[in-house]
Amino acid sequence: MKEQISQLISQALETLVAQGSLPGDISPRIQIDRTRDKSHGDLASNIALTLAKSAGRPPRDLAAELCAALPPSPLVERTEIAGPGFINFFLSDDSNQAIVRAIIEQGASFGHSEAGKGQQVQVEFVSANPTGPLHVGHGRGAAVGDSLCRLLAATGWNVSSEFYYNDAGAQIDNLALSVQARCRGLTPDDDQWPEDGYRGDYIADVATAYMAGATIDAEDQHVTGAADAEDLDAVRKFAVAYLRREQDLDLKAFATHFDLYFLESSLYQSGAVEETVTRLVGNGHTYEQEGALWLRTTDFGDDKDRVMRKRDGGYTYFLPDVAYHLNKWQRGFKRVINEQGADHHSTVTRVRAGLQALQADIPEGWPEYVLHQMVTVMRDGEEVKISKRAGSYVTLRDLIDEVGRDATRYFLVARGPSSQLTFDIDLALSQSNDNPVYYIQYAHARVCSIMRKLAEQGESWNPESGLDSLQRLQEEHEKALLRRLDRFPEVVAGAATSLEPHNVANYLKDLAGDFHAWYNAHKTLVEDKALRDARLALSEAVRQVIANGLDLLGVSAPESM
RNA sequence: GGGGGUAUAGCUCAGUUGGAUAGAGCAACGGCCUUCUAAGCCGUGGGUCGAGGGUUCGAAUCCUUCUACCCCCGCCA
C-alpha cells in the first residue's frame, strides 16, 4: 500500500518538475508514514516539508500543488493538507477492505515475504555448556533466538540454527570431579568435596545414573554409564551426555529446535585450532610474553591484547571461538547472527578482532550480535534466586513447569533484548486480563468459538459471500481492525530487519485489543447473512493473523481456553 | 578508571528509526454478564520523556556534557 502511494507521489513530482514548479535536480526520498490519529487519514507524507527548502517554497503551497498533480487512483478517497504541510491520504473503503481477502487467500503465509531471497543465514543461540540445567537467562536466549529464526525464515531467509558448546575444558573437568565425588558418596559440605565443585542436586542424579549403568540418548550424545567411580574420563563423557540430554528436554519443553550441535572438541580433533594459531602467527599479529602467546587484538579495536595460548600450553576459550567462527565462514555463511547474554559482551570485539587478524577477507562487522540483558525472577514482589535443583539459579524447567511454555516464551520475548527483564511469576500465572499471553490467545479462541456457535446453529460460513460483502464493514471498530491487519506484514518485516521479535508481541497485543473491543460492541452472528458473512470474514482474518504472529513467537494458538 | 547497556505515568514497558496533541497494560476510581466464552468491554484521573547544552521547519528519538542503576574488564566460559 505504501509502495503504491509512493508511486502516485512520484508521478506528481515529475509533473511539477515538467511544469517548472520544481527544480529538476531534486532527488527526494519519498517517505510514507502510518498516521497515529485517524483524523489524519490512513497514510501521510512529509514530502512537501522536506522539499520546501530546496524548492524555496512554503511547504503548504508545495503540498497543495502536489495534491493537485496527483493522478487519480481508486485507492485514494481524498487527500488533505494538514499541520505544517503534511499530505494526508484517506484511503478508499475498497483498498482498506482488500486486506481481508489477502489474508484469507494467503492463510498461514500472510505476512511473510521474500526479502531474504533465499540467502543463507546462521543463527547461533543458547550455546550453554553442559554443566547444569538451563537457567532463565538461557531461556531468554532460546526464546529470542528461536523467534529470530522464525522471523528470518518468514522473510525469505534460509536459516540454520546452531548450538555450540564446550565439552572438554576446565569447567567440564570440574563437572567430572563433582560427579565423581558424588559417586564416592561425598556431599558438597564434606571436606574432600572438590574446590569450586558444582553443588546442585542434579550432580547427585548424574552420579546415581552413572553408577546404575544407565544409557543416555541425547540429540548428539549417546553413552552408557561405566559404573566405575575411578574412571574419570568415563565419568566426564557420561556427565556431558547426561546434561546435554537434560538440556534437550528443557529445549523440547520450550519448543526450540536446533539444526546442528557443534562441539568445541571437534575443533581440536580436526586440527582447526592449530591451523588458526598457525595463521595468526604467520600473519604477524602475535607475540610471546611471560611464556604465553598473545594476539595483538588492540590492532583491531580491542582495549587490550589477549592471551591465546596459556603458559601451561592450553588454549584460552578465545582461540577456539575464533576457530569456530572461521569454520562458520568456511561453511559459506555470509551472514551469521549470534544471540548471547550481554555478560559475554566482551567477546564481540575479541572474536571480530581474531577474525580480522586471520586476513581471510571476512567483513569487519561479521558476525552480527544480538545481546540480551539480564533476567531477574520475581515472586510475591521478591527476587527469586535459588533453585533446589540447580543450587544457585532459577532453572528454565522450573519456570515452564510452573507457568507453562506459552507464558514463559511470551514473557521472555516480549521485551526488547537490550532491556533488563523482570520475570514476574505471579503475573505470568494470573488468568486475567493482566496477562497479555492469554489476552492474545483468548482473541484467537473467541473467533473459533464463534465458528463453533455458528455450526451449532446448523449454519456455515460462506467465505465467498463474506468477501463479496466486505463493503458492509462500516463500523469504526471494523475500520480500526482493517487498519491494524494491514500493518502486519510491515511489522514482521521490521522485526526481522531490526532483529527485535518483541515488536510482534506488541502488535499482537494491540490487535487482540482491537478485536475484543469490536466483539463487545457488535454481534457477529446477526440475522443479515451478508453482514454476518462479512464479519465472519473479518473475524477469520483476525484469527489467521494472530495465529501467524503467535507462531513467530513460538506460542500456541488454542481453539478454546 | 575503561568498555557496553538502560533511564518515558505510582509499577511493568511500547514508541513505526527525525513528524502532527508522547501511548498500552497493571495499580486507583466508576460502570457493563437472561444476548457469539466477563481470561472480555466502556469511562475517569495520572507526564519537566533522568538533567543541561546543541543540530532544524520539527527531537523521547541525532550530537555533546553530566547524573543514577545493571553487565563486563581472568593465562575462566
Side-chain angles (χ1 to χ4, degrees), chain A residues 31 33-37 39-40 44 46 49-50 52-53 58-59 82-86 88 127-129 131 165-166 169-172 174 196 264 289-294 302-304 306-312 314-318 320-321 341-349 371 373-374 376 378 414-422 424 427 430-439 441-443 445-454 456-457 487 490-491 494 497-498 502-503 505-507 509-510 512-513 515-526 532 535 539 560-561:
Chain A
Q31 186 184 336
D33 289 311
R34 301 247 164 210
T35 57
R36 189 171 297 170
D37 187 333
S39 71
H40 296 145
N46 60 356
L49 291 167
T50 55
K53 202 165 205 175
F86 291 104
N88 293 337
S127 294
N129 283 342
T131 54
Y165 68 93
N166 173 350
Q171 293 189 37
I172 299 299
N174 192 12
D196 299 326
E264 182 182 359
Q289 185 178 311
E290 295 170 20
L293 183 65
W294 297 67
D302 204 356
D303 54 359
K304 60 179 177 183
R306 306 291 169 176
V307 170
M308 307 193 319
R309 191 172 58 219
K310 300 184 276 187
R311 210 176 327 174
D312 67 9
Y315 295 109
T316 61
Y317 65 91
F318 156 59
D321 269 4
D343 53 339
H344 287 237
H345 177 263
S346 55
T347 63
V348 175
T349 359
L371 303 175
Q373 294 291 326
M374 303 293 100
T376 49
M378 302 287 282
R415 301 281 178 250
S418 62
S419 305
Q420 289 172 49
L421 175 64
T422 303
D424 185 337
L427 178 59
S430 74
Q431 300 202 340
S432 71
N433 53 352
D434 310 4
N435 192 330
V437 195
Y438 295 121
Y439 185 80
Q441 289 183 322
Y442 185 41
R446 262 189 160 164
V447 176
C448 297
S449 171
I450 293 170
M451 291 297 182
R452 282 194 297 271
K453 188 74 182 179
L454 183 70
E456 279 171 28
Q457 293 172 353
R487 291 194 49 180
E490 292 163 31
V491 170
T497 302
S498 61
H502 72 281
N503 291 329
N506 288 326
Y507 170 83
K509 205 164 58 166
D510 291 339
F515 173 75
H516 287 309
W518 176 53
Y519 175 93
N520 275 273
H522 301 287
K523 193 165 172 166
T524 304
L525 301 180
V526 290
R532 184 197 72 183
R535 287 187 171 165
S539 301
S560 64
M561 303 289 284

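Every chain is numbered from 1, with letters handed out A, B, ... down the list of sequences. Because only heavy atoms are used, hydrogens play no part in the values below, and waters and symmetry mates are left out as well, while side chains stay in.
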Sugar-phosphate, base or nothing in reach of A:Arg311, heavy atoms under 4.0 Å: base

Span that lies between the C1' atom of B:C42 and that of B:C57, in whole angstrom: 40 Å

Over all atoms of both residues, closest heavy-atom pair of A:Ser498 and A:Asn503: OG-ND2, 3.9 Å

Spacing of A:Asp510 atom CG relative to B:G23 atom P, expressed in whole Å: 13 Å

Sugar-phosphate, base or nothing in reach of A:Ser419, heavy atoms under 4.0 Å: sugar-phosphate

Interatomic distance at C1', B:U48 relative to B:C41, whole Å: 35 Å

Shortest side-chain distance from A:Arg446, nucleotide among B:C36, B:A38, B:A77: B:A38

Out of B:C75, B:G19, B:G40, whichever nucleotide has its closest atom nearest the side chain of A:Trp294: B:C75

A:Arg487 vs A:Tyr507 side-chain heavy atoms within contact, under 4.5 Å: yes

Whole-angstrom distance between B:G30 and B:U67, as gauged at atom P: 46 Å

Watson-Crick or G-U wobble mate for B:C75, both contacts under 3.5 Å: none

Residue A:Met374, side-chain atoms from C-beta onward, closest of B:U17, B:C70, B:G19: B:C70

Under 4.0 angstrom between A:Ser418 side-chain N/O and B:G4 OP1 or OP2: no

Sugar-phosphate, base or nothing in reach of A:Arg309, heavy atoms under 4.0 Å: nothing

Integer angstrom distance from the P of B:C13 to that of B:C71: 16 Å

Sugar-phosphate, base or nothing in reach of A:Arg306, heavy atoms under 4.0 Å: nothing

Separation between the P atoms of B:A9 and B:G46, rounded to whole Å: 15 Å

Distance in angstrom units between A:Asn506 CG and B:A14 P, rounded: 7 Å

A:Phe515 and A:Trp518 aromatic ring geometry - parallel, tilted or perpendicular at 30°/60° bounds: perpendicular

Short side-chain N/O contact from A:Lys310 to OP1 or OP2 of B:C76, under 4.0 Å: yes

Sugar-phosphate, base or nothing in reach of A:Gly416, heavy atoms under 4.0 Å: sugar-phosphate

Base partner of B:A68, which must satisfy Watson-Crick or wobble distances under 3.5 Å: B:U6

Sugar-phosphate only, base, or nothing, as touched by A:Asp196 at under 4.0 Å among non-hydrogen atoms: nothing

Base orientation of B:U64, syn vs anti, 90° cut from 0: anti

Of the listed nucleotides B:A77, B:U16, B:G5, the one nearest the side chain of A:Gln373: B:G5

Strand partner of B:G43, provided both Watson-Crick or wobble distances fall under 3.5 Å: B:C29

Sugar-phosphate only, base, or nothing, as touched by A:Lys523 at under 4.0 Å among non-hydrogen atoms: base

B:C33: syn or anti, per glycosidic angle within 90° of 0: syn

Gap between atoms NZ and P, on A:Lys509 and B:C13 respectively (whole Å): 11 Å

Touch class at under 4.0 angstrom, heavy-atom based, for A:Ala52 against every strand present: nothing

Sugar-phosphate, base or nothing in reach of A:Ala517, heavy atoms under 4.0 Å: sugar-phosphate

Whole-Å C1' distance, B:G2 and B:G10: 37 Å

A:Asn88 CG to B:U21 C1', straight-line distance once rounded to whole Å: 14 Å

A:Tyr439 side chain near B:C41 phosphate (N/O to OP1/OP2, under 4.0 Å): yes

Sugar-phosphate only, base, or nothing, as touched by A:Phe318 at under 4.0 Å among non-hydrogen atoms: nothing

Shortest non-hydrogen separation from A:Trp294 to A:Gln289 and the atoms involved: NE1-O, 3.3 Å

Sugar-phosphate only, base, or nothing, as touched by A:Thr131 at under 4.0 Å among non-hydrogen atoms: nothing

Any A:Arg36 side-chain N or O less than 4.0 Å from OP1/OP2 of B:A20: yes

Stacked pair A:Tyr519-B:G40, distance under 5.5 Å, angle under 30°: no

Length of the CG-C1' vector between A:Asp37 and B:G19, whole Å: 13 Å

Sugar-phosphate only, base, or nothing, as touched by A:Ala82 at under 4.0 Å among non-hydrogen atoms: base

Nearest-angstrom distance, C1' atom, B:C11 to B:G58: 32 Å

Mate of B:U48 where both pairing distances stay under 3.5 Å, Watson-Crick or G-U: none

Between B:U6 (C1') and A:His502 (NE2): distance, integer Å: 14 Å

Out of B:C13, B:A20, B:A77, whichever nucleotide has its closest atom nearest the side chain of A:His344: B:A77

Any side-chain donor near an acceptor of the partner, A:Asp37 and A:Ser39, under 3.5 Å: yes

Mate of B:U34 where both pairing distances stay under 3.5 Å, Watson-Crick or G-U: none

Touch class at under 4.0 angstrom, heavy-atom based, for A:Thr316 against every strand present: sugar-phosphate

Distance, rounded to the nearest Å, where A:Gln420 contributes CD and B:A68 contributes C1': 13 Å

Sugar-phosphate only, base, or nothing, as touched by A:Asp424 at under 4.0 Å among non-hydrogen atoms: nothing

Donor-acceptor contact below 3.5 Å, side chain A:Asn166 vs main chain A:Ile172: no

Protein-nucleotide distance (A:Met308, atom CE; B:G74, atom P), rounded to Å: 18 Å

Watson-Crick or G-U wobble mate for B:A24, both contacts under 3.5 Å: B:U12

